Amino acid sequence: YNESINAKGQKQMDIKIDVCPSVAEEGIHIKTPDIQKAQAIKDILLSTVFTKDMDFFIGDTQYFVGVNKILFFETDDGKITAHTSKNMYYSRSTLQELEKSLPPCFVRASKSCIINAMAVSSITKNLTGPSKVCFKNTEKSVYVSKNYYKDLKAKLSTKMVGETLEELKLLKKDSKV
(Lines give C-alpha, C1' and ligand atoms only; values in the text may rest on other atoms or scores of the structure.)
Protein backbone atom coordinates (compact mmCIF):
# COMPACT_ATOMS: atom_id res chain seq x y z
CA TYR A 1 0.00 0.00 0.00
CA ASN A 2 1.46 3.39 -1.01
CA GLU A 3 -0.06 6.84 -0.60
CA SER A 4 1.10 10.46 -0.91
CA ILE A 5 -0.71 13.16 1.04
CA ASN A 6 -0.32 16.91 1.58
CA ALA A 7 -1.49 19.13 4.43
CA LYS A 8 -2.07 22.85 4.09
CA GLY A 9 1.31 24.45 3.47
CA GLN A 10 3.18 21.21 4.19
CA LYS A 11 5.49 19.17 2.02
CA GLN A 12 4.22 15.94 0.61
CA MET A 13 4.56 12.90 2.86
CA ASP A 14 4.72 9.40 1.43
CA ILE A 15 3.22 6.63 3.50
CA LYS A 16 4.13 3.06 2.68
CA ILE A 17 2.53 0.10 4.44
CA ASP A 18 3.69 -3.46 3.89
CA VAL A 19 1.31 -6.12 5.16
CA CYS A 20 3.27 -9.31 5.75
CA PRO A 21 1.30 -12.10 7.43
CA SER A 22 4.52 -14.08 8.05
CA VAL A 23 6.23 -11.28 10.04
CA ALA A 24 6.69 -12.24 13.69
CA GLU A 25 7.36 -8.71 15.00
CA GLU A 26 5.55 -5.59 13.89
CA GLY A 27 7.54 -2.43 13.34
CA ILE A 28 7.45 1.07 11.94
CA HIS A 29 10.25 2.68 9.94
CA ILE A 30 10.37 6.49 9.91
CA LYS A 31 12.48 8.07 7.16
CA THR A 32 13.11 11.82 7.46
CA PRO A 33 16.11 14.17 7.38
CA ASP A 34 14.81 15.94 10.51
CA ILE A 35 15.46 14.14 13.81
CA GLN A 36 12.93 16.35 15.66
CA LYS A 37 10.20 15.43 13.20
CA ALA A 38 11.11 11.73 13.54
CA GLN A 39 10.92 12.02 17.35
CA ALA A 40 7.59 13.84 17.07
CA ILE A 41 6.12 11.17 14.80
CA LYS A 42 7.38 8.43 17.13
CA ASP A 43 5.86 10.15 20.18
CA ILE A 44 2.53 10.61 18.40
CA LEU A 45 2.43 6.99 17.31
CA LEU A 46 3.22 5.79 20.83
CA SER A 47 0.63 8.13 22.32
CA THR A 48 -1.99 6.90 19.85
CA VAL A 49 -1.24 3.25 20.55
CA PHE A 50 -1.09 3.91 24.30
CA THR A 51 -4.84 4.05 24.95
CA LYS A 52 -5.04 1.89 28.04
CA ASP A 53 -7.14 2.79 31.04
CA MET A 54 -5.51 3.63 34.35
CA ASP A 55 -7.15 2.91 37.66
CA PHE A 56 -7.87 5.70 40.10
CA PHE A 57 -9.98 6.14 43.21
CA ILE A 58 -12.50 8.49 44.70
CA GLY A 59 -12.98 7.21 48.24
CA ASP A 60 -13.40 3.44 48.04
CA THR A 61 -14.70 3.47 44.46
CA GLN A 62 -12.27 2.46 41.74
CA TYR A 63 -12.54 4.19 38.34
CA PHE A 64 -10.92 3.27 35.04
CA VAL A 65 -9.97 6.35 33.04
CA GLY A 66 -8.35 6.49 29.60
CA VAL A 67 -4.87 7.96 29.90
CA ASN A 68 -5.66 10.30 26.98
CA LYS A 69 -8.39 11.92 29.13
CA ILE A 70 -5.87 12.97 31.80
CA LEU A 71 -4.85 16.65 31.69
CA PHE A 72 -2.27 16.50 34.46
CA PHE A 73 -1.11 14.77 37.62
CA GLU A 74 -0.10 16.68 40.71
CA THR A 75 1.03 15.81 44.18
CA ASP A 76 0.03 17.60 47.35
CA ASP A 77 0.86 16.36 50.84
CA GLY A 78 1.94 13.01 49.38
CA LYS A 79 -1.37 12.42 47.56
CA ILE A 80 -1.32 12.06 43.76
CA THR A 81 -4.30 13.59 41.97
CA ALA A 82 -5.17 12.88 38.34
CA HIS A 83 -7.16 15.69 36.73
CA THR A 84 -9.50 15.33 33.76
CA SER A 85 -11.47 18.27 32.38
CA LYS A 86 -14.32 17.56 34.82
CA ASN A 87 -13.05 15.29 37.60
CA MET A 88 -10.25 14.65 40.08
CA TYR A 89 -9.17 11.13 40.91
CA TYR A 90 -6.60 9.81 43.37
CA SER A 91 -3.79 7.47 42.44
CA ARG A 92 -2.06 4.99 44.67
CA SER A 93 1.13 5.27 42.58
CA THR A 94 3.91 7.76 43.15
CA LEU A 95 4.58 10.53 40.65
CA GLN A 96 7.84 8.79 39.67
CA GLU A 97 6.02 5.48 39.04
CA LEU A 98 3.42 7.28 36.93
CA GLU A 99 6.09 9.11 34.95
CA LYS A 100 7.68 5.79 33.93
CA SER A 101 4.38 4.29 32.75
CA LEU A 102 2.90 7.28 30.88
CA PRO A 103 3.06 7.77 27.10
CA PRO A 104 5.58 10.25 25.66
CA CYS A 105 3.06 13.11 25.41
CA PHE A 106 3.31 13.53 29.21
CA VAL A 107 6.05 15.81 30.49
CA ARG A 108 7.16 17.17 33.85
CA ALA A 109 6.02 20.70 34.61
CA SER A 110 7.55 20.85 38.09
CA LYS A 111 8.73 18.52 40.84
CA SER A 112 5.09 18.03 41.81
CA CYS A 113 3.33 18.00 38.42
CA ILE A 114 3.24 16.04 35.13
CA ILE A 115 1.13 17.36 32.25
CA ASN A 116 -0.33 15.96 29.03
CA ALA A 117 1.14 18.16 26.28
CA MET A 118 -1.62 17.04 23.89
CA ALA A 119 -4.19 18.72 26.17
CA VAL A 120 -2.44 22.11 26.45
CA SER A 121 -4.26 25.06 24.88
CA SER A 122 -1.94 27.91 25.92
CA ILE A 123 1.08 28.98 27.95
CA THR A 124 1.45 32.43 29.45
CA LYS A 125 5.20 32.85 29.74
CA ASN A 126 6.61 34.52 32.83
CA LEU A 127 10.26 35.52 32.53
CA THR A 128 10.83 35.77 36.28
CA GLY A 129 8.89 32.75 37.57
CA PRO A 130 6.67 29.82 36.64
CA SER A 131 4.61 30.12 33.44
CA LYS A 132 0.87 29.42 33.44
CA VAL A 133 -0.35 26.42 31.41
CA CYS A 134 -4.04 26.25 30.42
CA PHE A 135 -5.83 23.18 29.07
CA LYS A 136 -8.44 22.61 26.37
CA ASN A 137 -12.15 22.55 27.32
CA THR A 138 -11.65 23.41 30.98
CA GLU A 139 -10.78 26.25 33.33
CA LYS A 140 -8.07 24.15 35.00
CA SER A 141 -4.48 25.35 34.84
CA VAL A 142 -1.07 24.60 36.34
CA TYR A 143 2.31 26.29 36.38
CA VAL A 144 5.44 25.05 34.64
CA SER A 145 8.68 25.93 36.41
CA LYS A 146 11.55 27.57 34.53
CA ASN A 147 13.57 24.34 34.91
CA TYR A 148 11.00 22.31 32.93
CA TYR A 149 9.82 24.96 30.46
CA LYS A 150 12.16 23.88 27.60
CA ASP A 151 11.01 20.25 27.85
CA LEU A 152 7.40 21.34 27.65
CA LYS A 153 8.09 23.54 24.62
CA ALA A 154 9.78 20.58 22.90
CA LYS A 155 6.72 18.40 23.59
CA LEU A 156 4.45 21.13 22.26
CA SER A 157 6.48 21.12 19.01
CA THR A 158 5.77 17.39 18.85
CA LYS A 159 2.10 18.18 19.43
CA MET A 160 2.09 20.60 16.48
CA VAL A 161 3.48 17.89 14.23
CA GLY A 162 0.73 15.64 15.61
CA GLU A 163 -1.91 18.17 14.71
CA THR A 164 -0.43 18.36 11.21
CA LEU A 165 -0.68 14.58 10.98
CA GLU A 166 -4.31 14.80 12.15
CA GLU A 167 -4.93 17.39 9.39
CA LEU A 168 -3.43 14.96 6.89
CA LYS A 169 -5.84 12.25 8.04
CA LEU A 170 -8.80 14.64 7.78
CA LEU A 171 -7.72 15.83 4.32
CA LYS A 172 -7.39 12.25 3.15
CA LYS A 173 -10.83 11.41 4.58
CA ASP A 174 -12.38 14.49 2.90
CA SER A 175 -10.84 13.60 -0.47
CA LYS A 176 -12.55 10.18 -0.40
CA VAL A 177 -16.01 11.71 0.06
Side-chain angles (χ1 to χ4, degrees), residues 7-10 30 34-59 62-170:
K8 298 174 221 161
Q10 299 292 318
I30 300 168
D34 183 349
I35 188 67
Q36 287 181 315
K37 190 177 272 187
Q39 181 66 41
I41 292 168
K42 181 195 88 162
D43 287 353
I44 291 157
L45 289 168
L46 288 173
S47 297
T48 303
V49 171
F50 202 109
T51 57
K52 73 173 190 168
D53 285 351
M54 298 182 79
D55 61 320
F56 301 109
F57 295 85
I58 297 177
Q62 186 174 15
Y63 293 88
F64 301 94
V65 180
V67 71
N68 58 332
K69 302 253 190 264
I70 305 295
L71 303 174
F72 62 95
F73 294 93
E74 67 180 345
T75 182
D76 188 28
D77 290 333
K79 289 185 180 180
I80 306 299
T81 309
H83 291 261
T84 62
S85 60
K86 296 179 182 170
N87 295 312
M88 285 176 35
Y89 301 94
Y90 295 95
S91 173
R92 295 187 175 158
S93 301
T94 66
L95 214 52
Q96 288 178 332
E97 290 168 343
L98 284 171
E99 190 172 31
K100 290 177 187 172
S101 68
L102 291 169
C105 61
F106 282 83
V107 62
R108 276 277 183 173
S110 66
K111 288 182 182 179
S112 61
C113 183
I114 300 172
I115 65 174
N116 181 351
M118 300 301 275
V120 172
S121 64
S122 67
I123 300 176
T124 304
K125 186 161 183 180
N126 182 342
L127 297 174
T128 61
S131 299
K132 185 176 182 179
V133 177
C134 294
F135 297 94
K136 296 175 187 171
N137 305 318
T138 185
E139 296 294 316
K140 293 183 179 184
S141 63
V142 295
Y143 288 87
V144 60
S145 72
K146 291 188 330 183
N147 295 339
Y148 294 97
Y149 184 80
K150 271 187 174 177
D151 292 340
L152 175 58
K153 289 292 286 181
K155 285 294 176 188
L156 291 174
S157 297
T158 300
K159 177 183 146 187
M160 284 185 255
V161 171
E163 288 170 350
T164 300
L165 290 175
E166 284 301 313
E167 280 181 20
L168 290 172
K169 281 191 228 172
L170 292 173

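Please read all numbers here as calculations on a predicted model, not as lab measurements.
- Remark: N147 engages no residue in a side chain to side chain donor-acceptor pair (under 3.5 Å) (not counting sequence neighbours).
- Closest approach of F106 and I114 over heavy atoms only: CB-CG2, 3.9 Å.
- In terms of the side chain to side chain contact (heavy atoms under 4.5 Å, CB included) criterion, residue partners of T138 (sequence neighbours excluded) are, by chain and number, L71, S85, F135, K140.
- The main-chain N or O of V144 is never found under 3.5 Å from a side-chain atom of S131 such that the two would form a donor-acceptor pair.
- Qualifying salt bridge (Lys or Arg N to Asp or Glu O under 4.0 Å) partners for E97, counting only residues two or more places apart in sequence or in other chains: none.
- For residues 108-126, the pairs satisfying salt bridge (Lys or Arg N to Asp or Glu O under 4.0 Å) are E99-R108, with sequence neighbours left out.
- Considering all non-hydrogen atoms of both residues, G129 and K146 come closest at O-CG, 3.6 Å.
- Taking CD1 of I115 as the reference point, atom SG of C105 lies at 10.5 Å (rounded to 0.5 Å).
- Taking the six-membered ring where the residue is Trp, F72 and H83 present parallel rings, their angle staying beneath 30° rather than reaching 60°.
- Interatomic distance, CD1 of I80 versus CZ of F56, reported as 10.5 Å (0.5 Å rounding).
- Shortest non-hydrogen contact noted between L98 and S93 is CG-CB, 4.0 Å.
- With sequence neighbours excluded, no residue forms a side chain to side chain donor-acceptor pair (under 3.5 Å) with T124.
- The side-chain heavy atoms of L95 and F73, taken from C-beta on, include a pair separated by under 4.5 Å.
- For residues 63-83, the set of pairs meeting the salt bridge (Lys or Arg N to Asp or Glu O under 4.0 Å) definition, not counting sequence neighbours, is empty.
- Applying the side chain to side chain contact (heavy atoms under 4.5 Å, CB included) criterion to N137, with sequence neighbours excluded, gives no partner residue.
- What you find for N116 and I70 is that their closest heavy atoms are ND2-O, 3.0 Å.
- Using a 4.5 Å cut-off on side-chain heavy atoms (C-beta onward), Y90 and T81 make contact.
- The side chain to side chain contact (heavy atoms under 4.5 Å, CB included) check on Y63 picks up I58, T61, V65, Y89, with sequence neighbours excluded.
- Side-chain atoms of K155 come within 3.5 Å of backbone atoms of P104 as a donor-acceptor pair (strictly under, hydrogens ignored).
- The side chain to side chain donor-acceptor pair (under 3.5 Å) check on N126 picks up T128, with sequence neighbours excluded.
- Within the 4.5 Å cutoff, the side chain of M54 has no heavy atoms near those of the S91 side chain.
- Heavy-atom minimum distance, S145 versus S110: OG-CA, 4.2 Å.
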